[in-house]
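Inspection log for the structure reproduced underneath, given as structure tokens.
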Amino acid sequence: MEYNFREIEAKWISFWKSNKSYKVSEDPSKKKYYVLDMFPYPSGAGLHVGHPLGYIASDVLARYKKLEGFNVLHPMGYDSFGLPAEQYAIQTGQHPAITTNKNIERYRNQLDQLGFCYDWDREIRTSSPDYYKWTQWIFKQLFDCYYDEKLNKALRISALIAEFERSGNQDVQATNHCELVFSSQEWSTFDTAKKEAVLQQYRLVYLADSWVNWCPELGTVLANDEVVNGKSERGSHPVMQKKMRQWSMRIKAYAERLLKDLDHLDWTDSIKEQQRNWIGKSVGCSVSFEVENYSAPIEVFTTRPDTIFGVSFMVLAPEHPFVLEITTKENRDAVLAYQKAASKKTERDRQSDVKTISGQNTGAFVIHPLSGEKIQIWIADYVLASYGTGAVMAVPCGDQRDFDFAKHFDIEIKNIFDHIDISEQAHTEKNGTLKDSDFLNGLEVAPAIKKAIGVLEEKSIGQGTTNYRLRDAVFSRQRYWGEPFPVYYKENIPKTVSDENLPIELPEVDSYLPTQQGEPPLARAEKESWNHFSGDRMEYNTMPGWAGSSWYFLRYMDPSNETEFVSKEKSDYWNKVDLYIGGAEHATGHLLYSRFWTKFLYDQDYISFDEPFQKLINQGMILGKSSFVYRLADSNTFVSKGKIQGKDTQPIHVDISLVENNKLNIEGFKKWRSDYSNASFLLEDNGDYLCGAEVEKMSKSKFNVQTPDDLIQKYGADTLRLYEMFLGPIEQSKPWDTKGISGVHNFLRKCWRLYCNAEGVSILNGNDPTKDELKTLHKTIKRIREDLDRYSLNTCVSTFMIAVNEFTEQKCNNRDILEAFLILLAPYAPHFCEELWMKAGQKEGSLFEASYPIYDEKHLVEDSFDYPISFNGKMRFKVNLSLSLDRQALQKEVESLEQTKKWLDGKTPKKIIVVPGKIVNIVL
RNA sequence: GCGGAUGUGGUGAAAUUGGUAGACACGCUAGACUUAGGAUCUAGUGCCGUGAGGUGUGUGGGUUCGAGUCCCUCCAUCCGCACCA
């Protein structure tokens, strides 16, 4: 009987299922290993061949660790809240939960076919109330905490209230956005609403009027990482800035720790760098400038306090709160007009408009705190309200934008750099000696910065500070299909629902659209539709997509705990994720938010580790090959690729199932869509229609999606698993191409023949293994172990192939050898190996109860070696010599060879390098 | 502009500490078997050259007995960030 993968795979999948082979529990006697995949959003399109790449890799490593004796946690679940199901609900009226469940079912079927060793008893779904109960609970903890900058950790808000009662907020060092300074006495006079308003400015999750990314098309706000080039990440709709009352997460409080702790993670430099970039730390100094005829000073942040004597003007962001108050009468209209124009610009406009210089003089002045000079105040949209203080001291001689601005508006440019010409451009490098700068004269940049900060602090004009680009993350969405907040309002004061009333379940609504008044869909729910209702109303927003995914790796440890989000005992045992595999696109979203939540939960002692993912591998994207047909403009005629020259044609994506080797199946194409049924074609001379091709991301809309299903049908899951690993290094992106899959399939068939005869009966024998057989086996063990330990999954497949080629040549049917080999191969081809393991006579259960073979060096000891003999570093011939020879003996031996004499060609070698066991190099 | 990554046959790729470049596979060529083949087997296959041989890891340089690997320069592609004060 030939290798019948369909029968075998079905058999073992059901065996594993009915025996619960992959169920795991905490076992203190074993070392744990936690392998995690980024869980998928179950989309309607199902899995394509790109998804399993990471899943196969993690499955191989999970099975390997299991065979090595680790207690392996390898779970899977679904990130099941999300926009597509909701969009579909809006169109059809079907509840998103129904769509979601259907999609999950399809995903599960596809995952099952691939033979993964997930413990499905641990499955989680972020949209299930059992799960989001705890997402809501974590929200409550964040709400109930603030960040103490002295202890550098999150503390309970009750401690802060006690502090306020004791001595007001003057000496409180906590991350906040509170501008009010109050004493304990003043605090005691505040009413409940005022107190809560102040507390909101300290809580780790807070409600605030802030500038948010509003996406009118999606009808919701978006976090910064969800906006790409001024458009929404999902759907690519325009995004604008809008001031709205929204929930935000005070991730800023953790900026320094999120930055510092990156150093200890085994992640790629690229991802770490992206996070560093996103956090954007800059060290500098805040300086306050008194405004002429105005009570409050303007604060600026600068990284170059050394250039303070080069300040020629001041620029405020158009949104800066002082603008209108300080603007002179004469400038008022122009300023208003400028503000209006700026507010209309989307973030994208502002970005694409970098070259145009614009601004408006307010007519007001600040007083230079050191020189006493009067300095004009401008507004300009190159200054961002959300970074630093929303105001800059402009130093045109040292900053190119300030320089350009000054030139454009004809403002004086002071040169404070000695012997440096600034007539053409600013001197932006951090070097040079200062002049015309009072006490800084003659100093270089670094000491000048230090001295400037010192003097500014001494005079109470400024203070050394650190700024982060990282902004607090907007946490509410005006959407239906997300976690409801455990929040209600009483007299407009937000309050959290008590624990025993959690979860707040999603109420039924009559439509998934916003209300007439523009309120989120949840505002449609009747009071009775809520499973719990308090106060005047419940919160109408829902949580963003990243809420559920920020802590899911913890829930897998204890998925059905009804009293805690995870028990301390279990999280202590499983600890952080040892190996996390997923796409690099989550660099500044999920991977940052998860770290933030983990640190918070650590601060509150709910878990005992402060980073979620120790080792991260970013699998590359598998790209699709799209095919194109070319339609003649304004017609229903399609021109073959070879004939489009000089014609006005438009490329149109065509379903890749209608194309083979770039040749279009014309009949199929006509049937594909009704408007093509009477299309006409301009063909190649041989009568074929040739399509164009391009490598692109796989997507439904490009008709280039390859599902694993067909391939599993044709070759089996084991072949697909091996093939996806064989394609190349896991981190690398590559176009999908099934060309090579037959090679991998043939390998399995060839391997099968080592174990069974044509009738499918085992042909293994119990003889003593030969020296050669042992050598092949142990060489293979060594290589596979080393490769798996460095996550080099592609090279293992070649190693298996080499081993099978050698065993075949050796006519090896040895039981000990081939059984050991099965264990090596099993992580890659589990069904195949289980079957042969059973056929070999191992009746007792699964191969995965076995233990991984141990490499024994003694089988690899050689007594001779094919020495490459090179001349001037170029290999010329090889000679087999004993490894027992030392340097001198080797050299003598080589010198006496006929071939050596030939290549020497009568010359005397200058030098002979002899590396025993490696090489001989003769220098002429 | 800044930062990160990657450049090796017709293709996917290998080469862990500097030591035989192209393992393993696909494809291709020739042959065997076959009614036929998109099945199987055998041999060949970096490029130039009939050959001896030459040449070859994006470019140019350097270190070294020896460089795909280390250092410098430039180029190309991909990804991220970008008026960040």
Side-chain angles (χ1 to χ4, degrees), chain A residues 228-229 268-278 280-282 284-286 300-304 307 315 317 350-351 353-357 380-384 386-395 398-402 404-405 428 467-471 584-585 587-588 618 620-621 722-723 726-729 731-747 749-750 783 786-787 789-790 792 794-805 866-878 909-915 917-924:
Chain A
V228 178
N229 287 330
T268 61
D269 289 342
S270 149
I271 297 267
K272 287 194 197 181
E273 208 45 46
Q274 278 181 57
Q275 292 212 347
R276 287 193 190 109
N277 239 318
W278 193 257
K281 179 178 182 172
S282 56
C285 177
S286 68
V300 300
F301 173 76
T302 176
T303 55
R304 296 291 303 275
T307 62
V315 191
R350 276 203 187 190
Q351 277 171 16
D353 217 15
V354 174
K355 275 154 231 123
T356 336
I357 295 165
D381 65 6
Y382 81 85
V383 176
L384 307 176
S386 50
Y387 182 76
T389 59
V392 295
M393 54 177 227
V395 182
D399 183 291
Q400 195 57 43
R401 291 153 317 178
D402 296 346
D404 295 339
F405 193 89
T428 53
N467 238 304
Y468 298 92
R469 199 184 72 102
L470 180 74
R471 297 177 213 168
E585 66 274 19
T588 49
N618 297 114
M621 208 182 320
L722 277 159
Y723 183 59
F726 188 56
L727 279 176
E731 310 86 344
Q732 227 158 78
S733 286
K734 51 226 145 196
W736 178 252
D737 194 338
T738 53
K739 267 200 307 222
I741 199 166
S742 61
V744 171
H745 190 63
N746 286 342
F747 154 73
R749 302 191 353 181
K750 192 168 179 182
R783 286 248 279 270
E786 284 170 355
D787 287 358
D789 288 341
R790 64 191 173 102
S792 171
N794 53 326
T795 49
C796 290
V797 183
S798 325
T799 304
F800 292 137
M801 289 174 170
I802 293 168
V804 164
N805 289 346
D866 261 344
Y867 275 95
I869 312 299
S870 49
F871 291 77
N872 287 335
K874 189 89 197 155
M875 201 277 286
R876 294 304 181 181
F877 60 88
K878 282 186 209 171
K910 281 198 192 116
K911 199 175 185 184
I912 300 182
I913 313 281
V914 180
V915 186
K918 281 258 166 80
I919 201 167
V920 176
N921 188 18
I922 299 169
V923 187
L924 292 175

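Chain naming here is simple, since letters A, B, ... match the order of the sequence lines and numbering starts at 1 in each.
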Base of B:rG7 relative to its sugar, syn (within 90° of 0) or anti?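 What B:rG7 shows is an anti base, its glycosidic angle lying more than 90° from 0.
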Between A:V315 and A:Y382, does the side-chain contact (heavy atoms from CB on, under 4.5 Å) criterion hold? Intermediate values first, please. CA-CA 9 Å; A:V315 191; A:Y382 81 85; 3.6 Å; yes
Does [N] have OP1 or OP2 under 4.0 Å away from a side-chain N or O of [X]?
{"X": "A:N746", "N": "B:rA39", "result": "no"}
{"X": "A:R401", "N": "B:rC84", "result": "yes"}
{"X": "A:R469", "N": "B:rC81", "result": "no"}
{"X": "A:N805", "N": "B:rA23", "result": "no"}

Carefully, step by step, assess A:D404 and A:Q400 under the rule side chain to side chain donor-acceptor pair (under 3.5 Å). CA-CA 6 Å; A:D404 295 339; A:Q400 195 57 43; 3.1 Å; yes
Using whole Å, report how far [atom1] of [X] lies from [atom2] of [N].
{"X": "A:H745", "N": "B:rG38", "atom1": "NE2", "atom2": "C1'", "answer": "13 Å"}
{"X": "A:N277", "N": "B:rC83", "atom1": "CG", "atom2": "P", "answer": "12 Å"}
{"X": "A:N618", "N": "B:rG4", "atom1": "CG", "atom2": "P", "answer": "17 Å"}
{"X": "A:Q400", "N": "B:rA85", "atom1": "CD", "atom2": "P", "answer": "15 Å"}
{"X": "A:R471", "N": "B:rC81", "atom1": "CZ", "atom2": "C1'", "answer": "13 Å"}
{"X": "A:W278", "N": "B:rC81", "atom1": "CH2", "atom2": "P", "answer": "6 Å"}
{"X": "A:I741", "N": "B:rC24", "atom1": "CD1", "atom2": "P", "answer": "21 Å"}
{"X": "A:R276", "N": "B:rG4", "atom1": "CZ", "atom2": "C1'", "answer": "11 Å"}

I'd like to compare against my own output: the B/S/- annotation of nucleotides 8-21 of chain B with a strict under-4.0 Å heavy-atom distance to protein. ----BSSSB--BB-
Taking NZ, NE, NH1 and NH2 as the nitrogens, is one of them in A:E786 or A:R783 under 4.0 Å from a carboxylate oxygen of the other?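 Salt bridge absent between A:E786 and A:R783.
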Note, [X] side chain near [Y] side chain (heavy atom, < 4.5 Å):
{"X": "A:T268", "Y": "A:E731", "answer": "no"}
{"X": "A:F726", "Y": "A:I741", "answer": "no"}
{"X": "A:M393", "Y": "A:D402", "answer": "no"}

For [N] and [M], measure between their [atom1] atoms and round to the nearest Å.
{"N": "B:rU29", "M": "B:rG38", "atom1": "P", "value": "11 Å"}
{"N": "B:rC70", "M": "B:rG4", "atom1": "P", "value": "16 Å"}
{"N": "B:rC47", "M": "B:rU8", "atom1": "C1'", "value": "13 Å"}
{"N": "B:rC75", "M": "B:rU59", "atom1": "P", "value": "15 Å"}
{"N": "B:rG80", "M": "B:rU73", "atom1": "C1'", "value": "25 Å"}
{"N": "B:rU77", "M": "B:rC84", "atom1": "C1'", "value": "29 Å"}
{"N": "B:rG37", "M": "B:rU55", "atom1": "P", "value": "44 Å"}
{"N": "B:rC74", "M": "B:rG68", "atom1": "P", "value": "22 Å"}

Does [N] pair with anything, Watson-Crick or G-U wobble, both distances under 3.5 Å, and if so, with which nucleotide?
{"N": "B:rG51", "answer": "none"}
{"N": "B:rG18", "answer": "none"}
{"N": "B:rC41", "answer": "B:rG31"}
{"N": "B:rG68", "answer": "none"}
{"N": "B:rG12", "answer": "B:rC24"}

Need to verify one output field. Residue with the more 5' nearest nucleotide on RNA chain B, A:R876 or A:I271?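 On the 5' side of the pair lies A:I271.
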Classify the ring geometry of A:F871 against A:F877: parallel below 30°, tilted from 30° to 60°, perpendicular beyond 60°.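 Tilted, since the angle between the ring planes falls between 30° and 60°.
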What's the spacing between A:D737 CG and A:Y723 OH if we round to 0.5 Å?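 If we round to the nearest 0.5 Å, A:D737:CG and A:Y723:OH are 5.5 Å apart.
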Atom pair OG/CD of A:S270 and A:Q275 - distance to nearest 0.5 Å: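 If we round to the nearest 0.5 Å, A:S270:OG and A:Q275:CD are 10.5 Å apart.
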Compare the minimum distances between each of B:rC84, B:rA25, B:rG80 and the side chain of A:Y387, then state the nucleotide with the smallest one.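 In terms of side-chain proximity for A:Y387, the closest of B:rC84, B:rA25, B:rG80 is B:rC84.
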